[in-house]
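Inspection log for the structure reproduced underneath, given as structure tokens.
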Amino acid sequence: MKRREFLTAAAGATAAATAVAAPAIAQTAPEVKWRLTSGFPKSLDTIFGAAEVFSKYVSDATDGKFQIQVFAAGEIVGTFQAVDAVESGTVEMAHTASYYYVGKNPTFGAITALPFGLNPRQQNAWLYYGGGNELVNEFTAKHKIRAFPGGNTGTQMGGWFRKEIKTVEDLKGLKMRIAGLAGQIMAKLGAVPQQVAGGDIYPSLERGTIDAAEWVGPYDDEKLGFYKVAPYYYYPGWWEGGATLHFFVNMDKWAELPKSYQAVLEAAAAAANVMMQAKYDAVNPAAIQRLVANGTQLRPYSSEMMQAAYTAAQELYGEISAQNADFKKIADSLTAFRDQEYLWFQVAEYTYDSFMIRGRKK
Ligand code: CA
């Protein structure tokens, strides 16, 4: 073949390849625009930020073809309407804590964190390798939702109190902002649980509409300013040993996505899941030091209170399980998994952490 003929043939082959490839590209990489409603205010760069990490990943991995615009709580729907908005298709997806929807079904309460359940590492082990994601999705499918783990806060703090809480008696009649199953456990102990969205907690605490409030941990709680109106900061948040946030996707919208976009979305959710935990762990140490410097009084829950709450929790799970097979399945799976995990965690990790913590005190 002469050089000119070769070039002509090569050009023809390229043109043919382009002609074949172009429609295939158009088909597999369509422009898709979704809306995500977050359960959180923009001011919280950790928990709200995870949705932005997710959205950026999806956009970057698809050369900007798949855009998911993130809206703060209240911009499209409020925190407590997110599940309904996804189920009805008002928005394609949400990023939220499933326990906000405990009123729809207590099973939603067990998905974020079962009080006295798993720590953050164990939570991920259960979700990804302990059958957790399958059980969660078996349940959320009834609400037309596909659920992906989307962040972990780490073990949370036990909330801000205007007065010291030394015994279970001190909880009687106390109005506390606390979500999900934990609120029902607190009610068994005599407190009056209140469901208040993140952005509305500070004014309620300041006005005295509530006496106590729990949110997440030092970094977020400092941003929301609770230390200015409630000096006693209790730990641990036994109701959220390792709270998992979720991305909830409408199942019809999910089914419409090309396989490649589905894979990107799933990987982006996993990235957000890791990044949120990493960020909390990186920013909490300085935050707790600033809080204490500003007069915050740290207090551990007494073991008497922890034990009373544990007993109340088991009673509650028995009551719900008797009427709700979905809840029972998830709670039983989590509990069995937890008992196995702590069998292992007490050996290497607990011993290592204990030694290191004792050492840093010297
Ligand atoms: Ca919390």
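Whatever order the structure lists them in is the order used to number ligands and atoms, beginning at 1. Sequential numbering from 1 along the given sequence is applied to the chain's residues.
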Are the ring centres of H95 and F248 closer than 6.0 Å?
->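 No, they do not, as the ring centres are separated by 6.0 Å or more.
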
Shortest-distance N, O or S atom of E214 relative to the Ca ion (ligand 1) |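 Result for E214 and the Ca ion (ligand 1): OE1.
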
Identity of the N, O or S atom of E240 lying closest to the Ca ion (ligand 1) =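 Considering only N, O and S atoms, E240 comes nearest to the Ca ion (ligand 1) through OE1.
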
Got a sec: is Q156 within less than 3.0 Å of the Ca ion (ligand 1) via an N/O/S atom?
->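 Checking the Ca ion (ligand 1) against Q156, an N, O or S atom does fall under 3.0 Å.
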
Please state whether the separation between the Ca ion (ligand 1) and some N/O/S atom of W215 is under 3.0 Å?
->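 W215 does place an N, O or S atom closer than 3.0 Å to the Ca ion (ligand 1).
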
Do we see a donor-acceptor contact under 3.5 Å between the side chains of N152 and Y280?
->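 No pair is found: no donor N or O on one side chain lies under 3.5 Å from an acceptor on the other.
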
Looking just at side-chain N and O atoms, do Q156 and W215 make a donor-acceptor pair shorter than 3.5 Å?
->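 No.
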
Of N324, D326, T140, which is the lone residue that meets side-chain hydrogen bond (donor to acceptor under 3.5 Å, both in side chains) with N105?
->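 Passing option: N324.
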
